[in-house]
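What you see below is based on every heavy atom in this structure, not just the backbone, and it leaves out hydrogens, waters and symmetry mates. Only a predicted model underlies this, so the values are computations on that prediction, with no experimental measurement involved.
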Amino acid sequence: MSEASDIAVVRSLLFPWWDGHARDLPWRFGRTTPWGVLVSEVMSQQTQMSRVVPYWIAWMEVWPDARALSMASSAEVITAWGRLGYPRRALRLQSCARVVTEAYDDVLPRSYEELTALPGIGDYTASAVMSFAYGERIAVIDTNIRRVLSRVFLGIESQGGTASREERELAARVLPQDADESVTWNQTIMELGALVCSAKNPQCEQCPLARVCAFNLAGKPGLGHKPTRPRQHFKGTDRQVRGLILEALRTLPSGSRISHDDVAALWPVTGQLDSCLASLDEDGLIEIHPDSSVSFPS
DNA sequence: ATCCGGCCGT
DNA sequence: ACGGCGGGAT
């Protein structure tokens, strides 16, 4: 599809689809604060929404705002993060809460620059907060949006790696002028990417854009062999070992320690275990005591 | 096996 | 620009 005539057409197809198919996530439709939106976005970094929902609900009940989270202990925060994965995010979120509390008096800043300066908040999350929490007109760029826009308007698969200048310009070009519409646009493109226009197996039969999508009309050239960064395996990696250690601590009564022997029993490769302990310590996710026992940080 | 609403240090 | 960082679902 050649663009411009067509942005309006795409919008007219997209918005009714959003009305009928948007997932009823608890942080949507004005039911939470900007801080609540930020928490949902951080939890969603590299993690599926369906897994996020119960964690977000429980988290916001305990720590409804930045000030509350800023006063929690690291141990509580890491425990509450549970099995969401990438637990450094939990610590960064708490650092973020402390900055918001102290530097901004518990009021989340409303500019992209201030948001990206916060710990754990990069381009995507800052843009998402600006759009979804504050209703500002800004192009949100994530893997879903890159994939959908590239397919619909360019007829090709988006490349892996950092978003190219072309992709950024496309996203800016097709963003509706009206601020409210731009928010719905961002959310709808993302939702379409998550539910219909998936990477490997797009459900074009159910797609509202099937008739106008350049990629579909071109016969989906190159579907499936998009060059992406090779996925890291999980089994046997440091990430698995780190996960085992944290999982062992999480299932203990709060405040207790694990002896070095019990830690050693978690993984047979001693050298790898020790380097993982060191890296967890460095990340602030555990504390190693003089007797070599291990606990969450105090 | 592949993907998932990235961020950060190097 | 690259590699590390969880864990679940399909």
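Comparing atom distances between the A:R83 side chain and each of C:dG6, C:dG8, B:dC3 picks out C:dG8 as nearest. Counting only heavy atoms from C-beta on, A:T125 has its side chain closest to B:dC7 among B:dG5, C:dG8, B:dC7. Picking from B:dG5, B:dC3, B:dC8 the nucleotide with the shortest atom distance to the side chain of A:D142 gives B:dG5.
Counting heavy atoms from C-beta outward, A:M60 and A:W27 have side chains that stay 4.5 Å or more apart.
Nucleic acid contact for A:L246: none, since no nucleic acid atom lies under 4.0 Å from a heavy atom of the residue.
A donor-acceptor contact closer than 3.5 angstrom is absent between the side chains of A:S279 and A:E282. Between the side chains of A:S293 and A:H260, no donor N or O sits under 3.5 Å from an acceptor N or O. Inspection of the A:E41 and A:Y124 side chains reveals an N or O donor paired with an N or O acceptor under 3.5 Å.
A salt bridge links A:R242 with A:D283: the distance from a Lys NZ or Arg NE/NH1/NH2 to an Asp or Glu carboxylate oxygen falls below 4.0 Å. A salt bridge is defined here as a Lys NZ or Arg NE, NH1 or NH2 lying under 4.0 Å from an Asp or Glu carboxylate O, and A:D105 with A:R67 meets this definition.
With sequence neighbours left out, A:R146 forms a salt bridge (charged side-chain N to carboxylate O under 4.0 Å, His left out) with A:E167.
Only the C1' atoms considered, C:dG6 is 14 Å distant from B:dC3, to the nearest whole Å. Straight-line distance between the P atoms of C:dG8 and B:dC7: roughly 23 Å, to the nearest whole Å.
The separation between A:R242 atom CZ and C:dG4 atom C1' is 9 Å, rounded to whole Å. Between A:L223 atom CG and B:dT2 atom P there is a gap of 14 Å when expressed in whole angstrom units.
Along DNA chain C, the nucleotide closest to A:E247 and the one closest to A:R92 are compared, and the more 5′ of them pairs with A:R92.
Less than 4.0 Å separates DNA chain C from at least one heavy atom of each of the following residues of residues 37-56 of chain A: A:Q46, A:T47, A:Q48, A:R51. Within a heavy-atom distance below 4.0 Å of DNA chain B, the residues of residues 20-34 of chain A found are A:R23, A:L25, A:R28.
With hydrogens and angles left out, the side chain of A:Y124 and the base of B:dG6 share no donor-acceptor pair within 3.5 Å.
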Residues A:R89, A:T47; criterion side chain to side chain donor-acceptor pair (under 3.5 Å); working and verdict: CA-CA 11 Å; A:R89 292 184 292 169; A:T47 305; 3.0 Å; yes

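Of the side-chain N and O atoms in A:R89, none sit less than 4.0 angstrom from OP1 or OP2 of B:dG6.
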